[in-house]
Amino acid sequence: MNWTEETLRSTLAQPDFTSVYEQADVLRRERKGEEIQIRALLEFSNYCKRQCRYCGLNAKNARLTRFRLEPAEIVETALAAAETGYHTIVLQSGEDGWFTPEIIGEIVQAIKPSGMAVTLSCGEHPEEVYRYWKECGADRYLLKHETADPDLYRQLHPDAWLKDRVSCQKNLKRLGYETGGGFMVGLPGQTLDTLAQDLLLLREVGCDMAGIGPFLPNPDTSLGSYPHGSAEMTRRAVALARLLLPDANLPATTALGVLEPEAKRSVFSCGANVVMQKVTPNRVKRFYEIYPSELKDSDISSGRTQIEEEIRRLGRVPV
Ligand code: SAM
């Protein structure tokens, strides 16, 4: 299939998606096998200087209790995750100036001897900062483009531009990172054309991973009264991402699980092959409130056991 904006838009709109799901599932099996990769997610600071209108971490949200972990605790938690069997740690935060490039570089250097791959997800930074973190040992970087429509992007990010975001993604790719991109489904103002452009942008940037999740309204933001994105449309976008990027790693996103736990399970038969498991310390994890969600306390080891069991119940192999 020659995927263009028009063919993607009309495919997304078709009433019965069964055959696309089947194609995506076959391709996932061919390229990725039956394994589902589990990645540890450590949210280390919810301070953020940005004003993204959909996000609970945005600088203007005075209702959020802010936290930042000490670098020693970040390293300690990552090493505990390594001992539990994780091979990848994703270190995510808002854009928090307290964490200078040097501090993050030192954290990466302290984790690397464990043998874990380190993914950073700390927002937009100059190319030389990304280069420095790569030299410190960072392997991957997660930075979603959020929406491929430049006007919508500007409405949702009064302090940012789509071209800068995409330029960061291209810099990361050039520097040799494995890159993770992605977008939200159901953002206020988004159309099927936008979703088609989102999918094409993933391919243009050459994402190695793509996180596609529904928009979930956060009542503490100016978009709090808008409806959430659709779980079905999210699964359709994941299936098409598999067809466009056959070798990419596609997570079943946390947001999809918050919206509809069953959809998070079923997306593994629509092209997805990765899942992230929070290892953020219980005392702070409820404050990383991008959108409202119900979080249960769990320790790193039992959280991993539980997700492995869920994966086995799906007939797949946890890795
Ligand atoms: N600061 C980093 C960045 O800009 O990439 C990482 C943190 S950011 C909170 C992580 C992701 O949360 C964003 O890429 C966005 O897609 C997602 N997100 C934020 N608000 C959301 C919402 N209301 N619904 C769904 N996803 C949301």
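Predicted model only: the values in this text are computed from it and were never measured. Numbering of ligands and ligand atoms starts at 1, following listing order.
Among D208, L202, L240, the one residue that satisfies the side chain to side chain contact (heavy atoms under 4.5 Å, CB included) test with L245 is L202.
Using modelled atom types and a 3.5 Å distance limit, the side chains of D16 and T18 yield a donor-acceptor pair.
To the nearest 0.5 Å, atom CH2 of residue W133 and atom CD of residue E102 are 9.5 Å apart. Rounded to the nearest 0.5 Å, atoms CG (L259) and OG (S293) are 12.0 Å apart.
By the 30° and 60° cut-offs, the orientation of the rings of Y54 relative to H157 is perpendicular.
Protein residues with a heavy atom closer than 4.0 Å to ligand 1 are Y54, C55, L57, Q92, S93, G94, S121, G123, L143, K144, E146, R165, M184, P214, F215, L216, Y288, I290, Y291, listed by chain and number.
Within a 6.0 Å sphere centred on OH of Y226, heavy atoms belonging to other residues, nucleotides or ligands number 12 at most.
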